[in-house]
Enquirer: 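Before we start, here is the structure in question, set down as structure tokens.
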Amino acid sequence: MTENKQSGESIVPDLHKKIKAAFKSFDYESNNNVDVREIGTIIYSLGCFPTQADLHDIIAEVEEDHTGCIPLDKFLPAMTKVLLEHKFPPIPEDLLLQAFEVLDKQKKGYLEPEELTKHMTEEGELFTQEEMEEMLTALADHKNNYVYYKDLISQLTIDPDL
Amino acid sequence: MKCNCWCFLAAAMKAAVLIQRWYRRYMARLEMRRRYTWNIFQSIEYAGEQDQLQVTLTPSCCNHSRTRVSSFSEASEKTCYKLIPVPESYTGPRLSFPLSVSDTDALLGAFKEQQTLHARYVLQLLYETKRLLKQMPNIIHLSTSYTNEITICDLNKHALLSDLIITLSISRLAALQNGLPSAETPYVFNGDFVDRGKKSIEVVSLLFAYLLLYPDYMHLNRGNHEDHIMNLRYGFTKEVMQKYKTHGREILQLFQDVFSLLPIATVIDGKILIVHGGISDQTDLDFLSSIDRHKVSGKQEALCTLLTANINTAQPPLLLPPPPPPHCPRPPLRSALLELHRASRLARARLLPACLTLSMSSKCLTWTLCPRFPLLHLRNTTGNGNRSGVDPAPRSVVDILWSDPKTQEGCSPNTFRGGGCYFGPDVTRRLLLQHGLQLLIRSHECKQEGYELCHGGQVITIFSASNYYEEGSNRGAYIKVGRELVPRFYQYQVSRTTRKLTLTQRVRAAEGTALKALKEKLFTHRSELLSGLQQYDQNNTGCVSLSEWAQAFESVLRLDLPWRTLRPHLARLAPDGSVDYQSLLSLVKENISLVVTQKLADTLFRYRTDIEIIFNIIDKDHSGLISIEEFRHTWRLFSAHLGVDIDDRAIDDLARSIDFNKDGSIDFTEFLEAFRVVHKLNNKEQQLNGKTAGGK
């Protein structure tokens, strides 16, 4: 994606403000540093969908030498670049639906909790036990515990910011 | 076959990665929303504390009310409650003194059943508590050698909204398996037992009952809300008057006595200091032990600020209204100059006019203006406060009850709170060293995780009220300390429903509440917001760019919030992507049942709470009524200081129209109820419905 230099210039200050605001929410000591473990949340909240591997790359770029902290003055230019280049675009709904359908071999229209758990905790960028529990609590129907993914997708992908 | 399997596995892995990525992103968004919600609540609360008219009584007046108190001899107080008959029909707990466990159990049971304790028992309870507290020193020294682990918590019952608490805080703690106060489970409760929420009387009665029952195992520190001005502002006074119509005044008086007798600090094993707020560079525990704590009002020196965001030039000398007619004789009012200073210390450079103090003599009001922050002038940022002419005892107590720790070194006036200090790590270090202490435990600030360490672990903030702002907004925590003096933290989050709420639901609920509060705030400032926005929109298109929109909000409201992120909740987008700022007006709707001008209505909305405080102060006998003359007089002064141009005729019309009984007195509760804000449907829902699926 090529960016018109002119439009790039006019939106950069706005992007900076946005990035700073997200950064500040995790800057507990008010010293322009955040814990490296929060970076994922910050980047996600800015509208990006990086994989874990992508996150590791970014962290490697901006982390302050094994301190576990990320300073704003390194994060800002890196993140601005990410946003300007639309580096980690959102996942289109139909692709997400396909993904669920792949896992739903029998084409039931829903996934049983055991099925979903198996895939999420044994494949790809593995979920932790905690993440899995939270996902099931959040997404599973509370009567029969099935995950009706079709309904979920439209409900959960609406993001007014983007 | 094999190929198919392999293809599936590869596809399944890709699918899994996609879903994981999507889900993690969704959770991160939720976490972010939770934080923004938190910021909204905090910003509004702190901004509210700055905006409000923090009224204080001058020392002469304090003495005045104090002498009124001590004119009550011990004997007359005692007979006070003995003369109150308890009818047969009363089904609540009947306490017998000295209290036993069956009495405290009865109280606990009764309060769970929403019963109210009879006034006679309230008075007797307070009287006995007062007697006990009088024997206690200012600073309580505890030892872990004689007890089990001590539990330290702060029963901050505050709730921004209507009371979410179904069972009482104490029984909740019990339910959390820490146990009710007893010899096995000693407690230190770190202040703020009352105000906000509708069950302050019940909570504080239970606390006092346990105190009487187990004076060696139950310890209470005074908080900044154990003070009559705070009670007027934050609802405790109202709660007492509403629940006890006949004996409310006496009960309130005794409460104030008891509050002023509460110890101000607790020390465990000479090593752990527990206070409600914090310390200052002037804090000296030996000095604090020596003062007469009951003579000190909790907020005596805290100063008030009248904030009018648009004033930026000095105003001409203010001529206060002529003295009122003879039936209410008062000393002539002095004319005074309104000084405006730039607040250099405040990060947001608010413009603060002269501070306003009310001094009262008998039933009448005199308004005097004094130079802004006279006491703060005495203290510069290096902490070499010149204390000459200022009685140090009240100041040292205010510091204990109101101060907040900060990361920057040094000690500076706490301008957010209007009293106490911001104290840095060096101040903590010095004090701990000076007295051979190793830890300071305090409360006073809400923390999202229930507790927070700072100053290199030398200061712990403990906050025991979970769901402070809204269901799911934060966790509560308490500390247990044993002989080894290592604090252990216990976190909890109490949910009203038994079914576990998902994070999504909790965040959504909390967010909804925060946004509601924010919208109300926007509404009360809409005229300034609109003029700020119109500066960017010279052609009157009704739209501005997102950047300009955020800019306008930032500069007018001075709330440190992520406006761009919040925009979808607060304003619609025009088809070309710019922000339709007029949609601001559709957020909330006024609901006024009196005939007033727009300007008056705006002012009444914005300063509703301040007006309420002033009414409460004028209404010394807490009858809920003030005379029309007092109403007019107060209103004129108030509007003059706010710079709102309201002519006498409008005020008179207003006064007459709200004197519903035509008996010359105004029921100000009814008056205030007449101004309310009604929320329109969440237009975010409307926006989302209209959005197409592909528009990301």
Side-chain angles (χ1 to χ4, degrees), chain A residues 11 13-14 17-18 21-22 24-26 28-31 38 40-52 88-96 98-103 105 116 119-120 122-127 131 134-135 137-139 142 149 153-154 156-162, chain B residues 8-36 38-39 406-408 448 452 454 499-505 545-547 550-551 554 560-569 573 684 687-689 691 693-696:
Chain A
I11 60 172
D14 243 2
K17 284 238 154 98
K18 214 171 163 185
K24 267 176 54 179
S25 304
F26 293 88
Y28 303 122
E29 305 256 309
S30 303
N31 58 3
E38 313 269 31
T41 311
I42 299 177
I43 296 181
Y44 281 129
S45 76
L46 287 167
C48 303
F49 284 72
T51 62
Q52 300 290 83
F88 307 116
I91 303 168
E93 263 185 44
D94 45 0
L95 201 57
L96 191 57
Q98 274 180 45
F100 274 106
E101 284 173 346
V102 164
L103 299 185
K105 277 191 284 191
L116 188 57
H119 288 292
M120 295 291 106
E122 294 177 17
E123 284 162 0
E125 296 181 322
L126 313 182
F127 267 8
E131 279 179 301
E134 175 60 61
M135 187 188 209
T137 318
L139 304 184
H142 47 265
Y149 51 84
I153 292 179
S154 37
L156 300 173
T157 47
I158 292 176
D159 193 347
D161 272 17
L162 297 180
Chain B
F8 170 72
L9 284 175
M13 204 193 80
K14 280 178 80 174
V17 171
L18 204 71
I19 295 173
Q20 285 153 345
R21 212 168 99 207
W22 160 79
Y23 180 76
R24 284 182 169 126
R25 203 259 162 182
Y26 168 71
M27 290 308 285
R29 272 287 296 155
L30 215 52
E31 174 63 28
M32 212 53 170
R33 277 164 66 189
R34 193 170 78 100
R35 272 166 206 280
Y36 288 156
W38 183 255
N39 288 346
K406 285 291 166 190
T407 44
Q408 293 84 17
Q448 223 172 0
E452 192 174 272
C454 64
R499 185 173 85 80
K500 185 178 169 224
L501 288 175
T502 64
L503 183 59
T504 315
Q505 289 167 314
S545 74
L546 177 60
S547 179
Q551 193 81 307
E554 272 165 28
D560 197 9
L561 291 175
W563 294 110
R564 287 164 187 78
T565 315
L566 293 171
R567 194 274 318 152
H569 300 285
L573 287 179
K684 181 184 173 197
Q687 280 181 51
L688 290 181
N689 289 338
K691 215 170 155 57
K696 282 201 199 72

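Lettering of chains follows the sequences in order, A, B, ..., and the numbering in each one begins at 1. Model, not experiment: these values are computed from the prediction.
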Enquirer: Measuring from Y26(B):OH to L139(A):CG, what's the distance to the nearest 0.5 Å?
Expert: 7.0 Å

Enquirer: If you look at every heavy atom in P50(A) and R21(B), which pair is closest and at what distance?
Expert: O-CG, 3.2 Å

Enquirer: Quick one: does any side-chain atom of Q98(A) pair with a main-chain N or O of A15(B) as donor and acceptor, under 3.5 Å?
Expert: no

Enquirer: Are M135(A) and I19(B) close enough, and set up right, to give a side chain to side chain contact (heavy atoms under 4.5 Å, CB included), and what steps lead you there?
Expert: CA-CA 11 Å; M135(A) 187 188 209; I19(B) 295 173; 4.0 Å; yes

Enquirer: Quick one: closest heavy-atom pair of K17(A) and Q551(B), and the distance?
Expert: NZ-OE1, 3.9 Å

Enquirer: I need the minimum non-hydrogen distance between R25(B) and F49(A), along with the two atoms involved.
Expert: CD-CZ, 3.4 Å

Enquirer: Return the minimal non-hydrogen interatomic distance between Q20(B) and E123(A), and the atom names on each side.
Expert: NE2-O, 2.9 Å

Enquirer: May I ask you to name which of E452(B), M32(B), R24(B) has the most heavy-atom pairs under 4.5 Å with chain A?
Expert: R24(B)

Enquirer: Heavy-atom distance under 4.5 Å to chain B: side chain of L126(A), backbone, both or neither?
Expert: backbone

Enquirer: How long is the span from the CG atom in L18(B) to the CD1 atom in I91(A), to the nearest 0.5 Å?
Expert: 4.0 Å

Enquirer: Is it the side chain or the backbone of E122(A) that comes within 4.5 Å of chain B heavy atoms, both, or neither?
Expert: neither

Enquirer: Out of F127(A), F88(A), F100(A), which one racks up the most heavy-atom pairs below 4.5 Å with chain B?
Expert: F127(A)

Enquirer: What closest approach, in Å, do A12(B) and L103(A) show between heavy atoms, and which atom pair accounts for it?
Expert: O-CD2, 3.9 Å

